Amino acid sequence: MRNVKPAEFEAIPRPVVVICNNFEAGHVIPPHCHRRSQLVYGAAGTMMVETQYGRWIVPPDRAVWIPAGMVHNLAMIGSVTTMTIWSEPNAIADLPENCQVVDMSPLMRSLLAAAIDVEPEYELGGRDGTLMMLLLHELKSLSPLGLSLHFPKHNRLAVRCREFLKEPNPRATIESWSESLNMSRRTFTRLFRKETGQSFAQWRQQACLFAALPRLAAGEPITQIAYDLGYESPTAFATMFKRLQGVPPTQYFAAAHRSGQDLH
């Protein structure tokens, strides 16, 4: 199905449905939730997903898994084409219980390309029904990617983290944060890791990466992004980026866009 709203198929008596939608740059879907779980694949364009637990960035040719009932918003960075698997919560066992960005396998791309043209009330025991169940089995094998930024539940720390996202600084220190929160260094470091699952240095780098990715997707110069984020040089920024993502920023979105074009 193409360019339809979720409400149009919520009641369809099938365990899995797939839809394809196109969104304009800057489109934002405000906080909401669905009865079904969903895998949202960005065949083209970049998305940002946020819940009360964290923020996830979804580059082109990656996907984000959002469990049923999880309140989230979705922002489109540039024009975005999505292919979404909507599955009943109990359609298959052992699917992730938390939101996460995942890599896409060649098989999953091929299955999705075929599934978007399947009629909504397909025959469960036929070829289309088998195709849809294959989608679920392949979904379980997709590899999670380190593209999440977790928010603390601790109220004051959460506020401080969200403030940092507005003006990320790679040179921010534990001392300045712990002092602003009236904590000892030891208390702060233990609390931060407990609440986010990362050290302060790891979270800080991830936050800077999250600030950079939408701007890179929009085609902004790497030099400008590096200096705006407080890096001493574009080389220092590129080093951080490659350490976290495996490729330099000059190659990251180019490779993703080439992969996404395979579906068109």
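Given the structure is predicted, the values throughout are model-derived calculations rather than measurements.
Two different hydrophobic clusters hold V159 and L181 under the rule that ILVMFWY side chains link at heavy-atom gaps under 4.5 Å. Note: the hydrophobic cluster containing Y227 does not contain I222 (ILVMFWY, side chain heavy atoms under 4.5 Å, direct or indirect links).
For residues 126-154, the set of pairs meeting the salt bridge (charged side-chain N to carboxylate O under 4.0 Å, His left out) definition, not counting sequence neighbours, is empty. Annotation: salt bridge (charged side-chain N to carboxylate O under 4.0 Å, His left out) contacts involving residues 178-191, sequence neighbours excluded, comprise E175-R185. Note on residues 31-46: pairs passing salt bridge (charged side-chain N to carboxylate O under 4.0 Å, His left out), not counting sequence neighbours, are E10-R35, R35-E88, R36-E88. Applying the salt bridge (charged side-chain N to carboxylate O under 4.0 Å, His left out) definition to pairs two or more places apart or across chains, those involving residues 157-166 are E50-R162.
No donor-acceptor pair closer than 3.5 Å links the side chain of Q100 to the backbone N or O of V64. No donor-acceptor distance shorter than 3.5 angstrom exists from the side chain of S37 to the backbone of P67, with no hydrogens or angles considered. Remark: the backbone N or O of M104 is paired with a side-chain donor or acceptor of R109 at under 3.5 angstrom. Panel note: side chain Q202, backbone S199; a donor-acceptor pair is recorded below 3.5 Å. For the pair T187 (side chain) and M183 (backbone), a donor-acceptor distance under 3.5 Å is absent. Between the side chain of T196 and the backbone N or O of Q198 there is at least one donor-acceptor pair closer than 3.5 Å. Remark: side-chain polar atoms of W65 are not paired, donor with acceptor, to backbone N or O of V101 under 3.5 angstrom. Here the side chain of S176 pairs no donor or acceptor atom with the backbone of A172 at under 3.5 angstrom.
Taking the six-membered ring where tryptophan is involved, the planes of H34 and H72 are tilted, since the angle between them lies from 30° to 60°. Taking the six-membered ring where tryptophan is involved, the planes of F164 and W203 are tilted, since the angle between them lies from 30° to 60°.
Looking only at side-chain heavy atoms (C-beta outward), M70 and E97 stay at 4.5 Å or farther from each other. Side-chain atoms of L112 and I85, non-hydrogen and from C-beta on, do get closer than 4.5 Å to each other. With contacts defined as side-chain heavy-atom distances shorter than 4.5 Å, the pair Y231/M240 qualifies.
Surrounding OH of Y53 are at most 12 heavy atoms belonging to other residues, nucleotides or ligands under 6.0 Å away. Within a 6.0 Å sphere centred on CD of E220, heavy atoms belonging to other residues, nucleotides or ligands number more than 12.
Across W56 and H150, no two heavy atoms sit closer than the pair CZ2-CE1, 4.3 Å.
By the salt bridge (charged side-chain N to carboxylate O under 4.0 Å, His left out) test, D103 is found to be paired with no residue, residues two or more places apart in sequence or in another chain being considered. For the side chain to side chain donor-acceptor pair (under 3.5 Å) test, no residue two or more places apart in sequence or in another chain qualifies with T235.
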Step-by-step side-chain contact (heavy atoms from CB on, under 4.5 Å) determination, M76 to E24
CA-CA 7 Å; M76 309 302 171; E24 295 181 355; over 6 Å; no
List the steps and the verdict of side-chain contact (heavy atoms from CB on, under 4.5 Å) for N73 and V49.
CA-CA 6 Å; N73 62 26; V49 177; 5.7 Å; no
side-chain contact (heavy atoms from CB on, under 4.5 Å) between D228 and Q224: does it pass, once the steps are laid out?
CA-CA 6 Å; D228 285 351; Q224 186 63 52; 2.8 Å; yes
Could you go through S105 and L142, starting from their C-alpha distance and side-chain angles, then the distance that decides it, and tell me whether this counts as side-chain contact (heavy atoms from CB on, under 4.5 Å)?
CA-CA 7 Å; S105 67; L142 299 182; 3.9 Å; yes
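Taking the six-membered ring for Trp and the full ring otherwise, F188 and F200 have centroids separated by under 6.0 Å.
In this structure, R14 satisfies the cation-pi test against Y122, with its NZ or CZ atom closer than 6.0 Å to the six-membered ring centre and inside 45 degrees of the ring normal.
In the model, T82 has no side-chain atom that pairs as donor or acceptor with a side-chain atom of N21 under 3.5 Å.
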